[in-house]
J.: 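For reference, the structure I am asking about is given below.
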Amino acid sequence: MDWDKLRIFHAVADAGSLTHAGDALHLSQSAVSRQIRALEESLNATLFHRHARGLILTEQGELLFDATRAMNQRLEAAVARIRDSKEEVFGELRVTTTTAFGSLWLAPRLPKLYEKYPDLKIDLMLEERVLDLPMREADVAIRMKEPSQADLIRKRLMDVHMRLYATPRYLEEHGIPETLEDMSKHRLICQNTSSAQVSAGAALVQELLTYEVKSLLTVNNYFGVLQAVLHDLGIGVLPDYVTQDFPEVQRVLPDAESKDIPVFLAYPEELRASKRIEAFRDFVTEELIAQRRKA
């Protein structure tokens, strides 16, 4: 099997276009097309369905793409381990976490990390889907539950609670609720219970909705909930880690909160010696210690 043809096939399958793959590989479209035809001839199989909007993998193409994707991930892991054998902290670090934690807590603190390690390149992937660390979809993850995948090193960072917050301006105009029954007089801002979120947060919202709230605004992430709260729209269900960075919101109904939500940092066993992982892990740990001291 010609490794170079496999490399070109992988780029085309990943991009879904001969033109885009050629741009990524610094090859002409005709050169990429010739290599794909030669690979198909050597395998005696059609790898792509061709149509006006681009290329779609055939069943045989999907099988080959699964193989080249695994090869590519293993090569990336090998390159990362070779680079991390040095003392310097540099290169790309792919970090995955939830939209809320990444945008509200992590991203505002990253300037400190870049100040210490200016040659570090961070690819921050914010989504609720749990990426596969052993398959190298990401290098390190911060998640709101303990990872279940094998061959991962994990560290419990803290516990988070979902609580109720509002601005003083809103409370001055609409009054401060004293009991959960008082929520019937207010607008609740929260995630829809059917959207992707931790079960403890959804359970708190379900409980609050039993009190026949006056008005409801649902947003599919906590960043949107926070923005609505900051603009005095109502009382929002938010993770407690936002309170230090947004002192303009205050807690209401102190007895209303979710169960403990454990936060874990995890990375593959094969990256145990990674200087980039070590630097990121120590940075997150130091920031959390500083936050607890401030609190």
Side-chain angles (χ1 to χ4, degrees), residues 97-109 126-128 142-146 156-264 284 287-295:
T97 188
T98 62
T99 302
F101 191 82
S103 58
L104 297 176
W105 190 91
L106 181 57
R109 289 166 170 78
L126 306 183
E127 54 182 297
E128 308 314 309
I142 298 176
R143 284 293 167 190
M144 305 300 129
K145 64 177 182 179
E146 184 170 6
R156 188 164 182 163
L157 297 174
M158 62 177 176
D159 289 330
V160 168
H161 299 89
M162 305 304 301
R163 292 169 174 165
L164 293 170
Y165 298 94
T167 60
R169 293 183 300 274
Y170 173 85
L171 296 173
E172 183 178 351
E173 181 176 350
H174 299 276
I176 300 175
E178 301 293 338
T179 65
L180 285 172
E181 285 76 10
D182 291 342
M183 286 299 297
S184 62
K185 306 170 186 175
H186 294 271
R187 179 178 296 113
L188 179 66
I189 308 169
C190 60
Q191 283 207 53
N192 190 301
T193 54
S194 62
S195 64
Q197 59 183 306
V198 293
S199 58
L204 175 61
V205 171
Q206 287 172 338
E207 180 187 357
L208 293 170
L209 291 177
T210 64
Y211 291 91
E212 299 181 357
V213 295
K214 173 183 176 182
S215 179
L216 183 66
L217 170 64
T218 59
V219 189
N220 66 348
N221 61 67
Y222 292 121
F223 182 79
V225 173
L226 175 64
Q227 291 304 308
V229 170
L230 291 174
H231 287 82
D232 311 321
L233 275 177
I235 298 174
V237 179
L238 287 165
D240 56 5
Y241 57 73
V242 307
T243 54
Q244 283 194 359
D245 294 336
F246 297 91
E248 59 268 47
V249 301
Q250 67 182 60
R251 188 177 179 188
V252 298
L253 293 173
D255 292 333
E257 68 175 19
S258 71
K259 294 181 179 179
D260 294 351
I261 302 168
V263 180
F264 283 86
V284 171
E287 286 298 308
L288 287 172
I289 291 172
Q291 178 172 298
R292 283 194 287 268
R293 285 175 179 165
K294 186 177 179 182

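Note that the numbering runs from 1 along the sequence shown for the chain.
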J.: How are the rings of Tyr170 and His186 set relative to one another: parallel (under 30°), tilted (30 to 60°) or perpendicular (over 60°)?
T.: tilted
J.: Please lay out, stage by stage, how Met162 and Ile261 fare under the test side chain to side chain contact (heavy atoms under 4.5 Å, CB included).
T.: CA-CA 8 Å; Met162 305 304 301; Ile261 302 168; 3.8 Å; yes
J.: Output yes when a side-chain donor or acceptor of Glu128 lies under 3.5 Å from a complementary backbone atom of Thr99, and no otherwise.
T.: yes
J.: What pairs of donor and acceptor atoms, side-chain ones from residues 199-219 against any protein atom, are under 3.5 angstrom apart with sequence neighbours left out?
T.:
from, atom 1, to, atom 2, distance (Å)
Thr210, OG1, Glu207, O, 2.5
Ser215, OG, Arg187, NE, 3.1

J.: So, the side chain of Asp245 versus the backbone of Val242: is there a donor-acceptor pair under 3.5 Å, distance only?
T.: no
J.: Looking at Val160, Leu288, Asp159, which one forms a side chain to side chain contact (heavy atoms under 4.5 Å, CB included) with Val263?
T.: Val160
J.: Are the side chains of Leu230 and Glu248 in touch, meaning some heavy atoms are under 4.5 Å apart?
T.: yes
J.: Considering the options Val237, Asp255, Val229, which one meets the side chain to side chain contact (heavy atoms under 4.5 Å, CB included) requirement together with Leu164?
T.: Val237
J.: Glu146: what forms a side-chain hydrogen bond (donor to acceptor under 3.5 Å, both in side chains) with it, not counting sequence neighbours?
T.: none
J.: Between Pro108 and Ser103, what is the shortest heavy-atom contact and its length?
T.: CD-O, 3.6 Å
J.: Could you point out which residue of Arg163, Arg292, Arg251 forms a salt bridge (Lys or Arg N to Asp or Glu O under 4.0 Å) with Asp240?
T.: Arg163
J.: Rounded to the nearest 0.5 Å, what separation is found between the CD1 atom of Ile235 and the CG atom of Leu253?
T.: 6.5 Å
J.: For Arg156, is the CZ atom crowded, meaning more than 12 foreign heavy atoms sit under 6.0 Å from it?
T.: yes
J.: Measure the spacing between OG1 of Thr98 and CE of Met144 and express it to the nearest 0.5 Å.
T.: 4.0 Å
